[in-house]
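In this text the structure is predicted, and so the values were computed from the model without any measurement.
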Amino acid sequence: ADLAERFESDEALDAGTVVEIGGSAEITKAQNELSDNVFGVISDRAGYLMNARKGKDNITHPAVAMTGRVPVKVKGVVNKGDRLVSAGDGFARSALPGEATAFNVIGRALASKLDTNIGTVEAIVTIK
């Protein structure tokens, strides 16, 4: 479960999408690799949802997990314990040595994904 809050999105976003503040609404999918503007991950199973009545539905105002356990859409190999950073286009990836900062880390992987395909991993999200 995670702690999430509803925000207005500039497009429909799938659960696990990495988002940032910006776009034509309050949030948009994280566009760039190593974005310092990461804000959270779209959640579809929030344990606690703030602003639950904001907006008219989960498409225009999805829940954004800002802390807690949440599946995250990832590209490439991810090892349990890796720090996750934006890979662009709403995905995360494992940070390479020296890339992780307090501003671009989305969270830490709780499981491994050993293939190079697109997939999801359970992660602890901690946005600062």
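- The shortest distance between side-chain heavy atoms of Val41 and Ile106 falls below 4.5 Å.
- Between Glu122 and Arg45 there is a salt bridge, since at least one side-chain N of the basic residue sits less than 4.0 Å from a carboxylate O of the acidic one.
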(message) Pair Thr120, Val74 - check side-chain contact (heavy atoms from CB on, under 4.5 Å), show working.
(response) CA-CA 5 Å; Thr120 59; Val74 295; 5.7 Å; no

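- For the pair Glu26 (side chain) and Glu8 (backbone), a donor-acceptor distance under 3.5 Å is present.
- Here Phe91 pairs with nothing under the ring-ring contact (aromatic ring centres under 6.0 Å, His included) rule; sequence neighbours left out.
- Counting only residues at least two apart or in different chains, side-chain hydrogen bond (donor to acceptor under 3.5 Å, both in side chains) contacts with residues 75-88 comprise Asp82-Ser94.
- Other cluster members for Ile42: Leu3, Phe7, Leu13, Val19, Ile21, Ile27, Phe39, Tyr48, Met50, Val64, Met66, joined by side-chain heavy-atom distances under 4.5 Å among Ile, Leu, Val, Met, Phe, Trp and Tyr.
- Evaluation of the side-chain hydrogen bond (donor to acceptor under 3.5 Å, both in side chains) rule for Asn58 yields no partner, not counting sequence neighbours.
- Counting heavy atoms of neighbouring residues, nucleotides and ligands inside a 6.0 Å radius, atom CG of Leu96 exceeds 12 of them.
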(request) Kindly indicate, with the supporting measurements, whether the criterion side-chain contact (heavy atoms from CB on, under 4.5 Å) is fulfilled by Arg69 and Leu110. (result) CA-CA 9 Å; Arg69 179 186 292 251; Leu110 292 172; 3.8 Å; yes

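- Put simply, the side chain of Ser35 gets close to the backbone of Asn37: a donor and an acceptor are under 3.5 Å apart.
- Atom CG in Asp2 sits 8.5 Å away from atom OG1 in Thr67 (nearest 0.5 Å).
- For the atom pair Thr28 OG1 and Glu20 CD, the distance stands at 6.5 Å (nearest 0.5 Å).
- Exactly one residue among Asn104, Val78, Val105, Ile124 makes a side-chain contact (heavy atoms from CB on, under 4.5 Å) with Leu84. That residue is Val78.
- Taking CD of Glu11 as the reference point, atom CD1 of Ile59 lies at 12.0 Å (rounded to 0.5 Å).
- Between Leu34 and Asn32, the closest side-chain pair of non-hydrogen atoms is not below 4.5 Å.
- Using modelled atom types and a 3.5 Å distance limit, the side chains of Thr60 and Asp57 yield a donor-acceptor pair.
- Taking every heavy atom of both residues into account, Val125 and Ala65 meet most closely at CG1-O, 3.8 Å.
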(request) Please report the C-alpha distance between Val72 and Val18 in whole Å, then the side-chain angles of each, then the deciding distance to 0.1 Å, and finally whether the side-chain contact (heavy atoms from CB on, under 4.5 Å) criterion is met. (result) CA-CA 7 Å; Val72 179; Val18 178; 4.0 Å; yes

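- Within 6.0 Å of atom CZ in Arg108, more than 12 heavy atoms from other residues, nucleotides or ligands are found, so the atom counts as buried in its surroundings.
- Contacts of Asp89 classified as salt bridge (charged side-chain N to carboxylate O under 4.0 Å, His left out), with partners at least two apart in sequence or in another chain: Lys29.
- Applying the side-chain hydrogen bond (donor to acceptor under 3.5 Å, both in side chains) rule to Glu99 yields the partners Arg93; only residues at least two apart in sequence or on another chain are considered.
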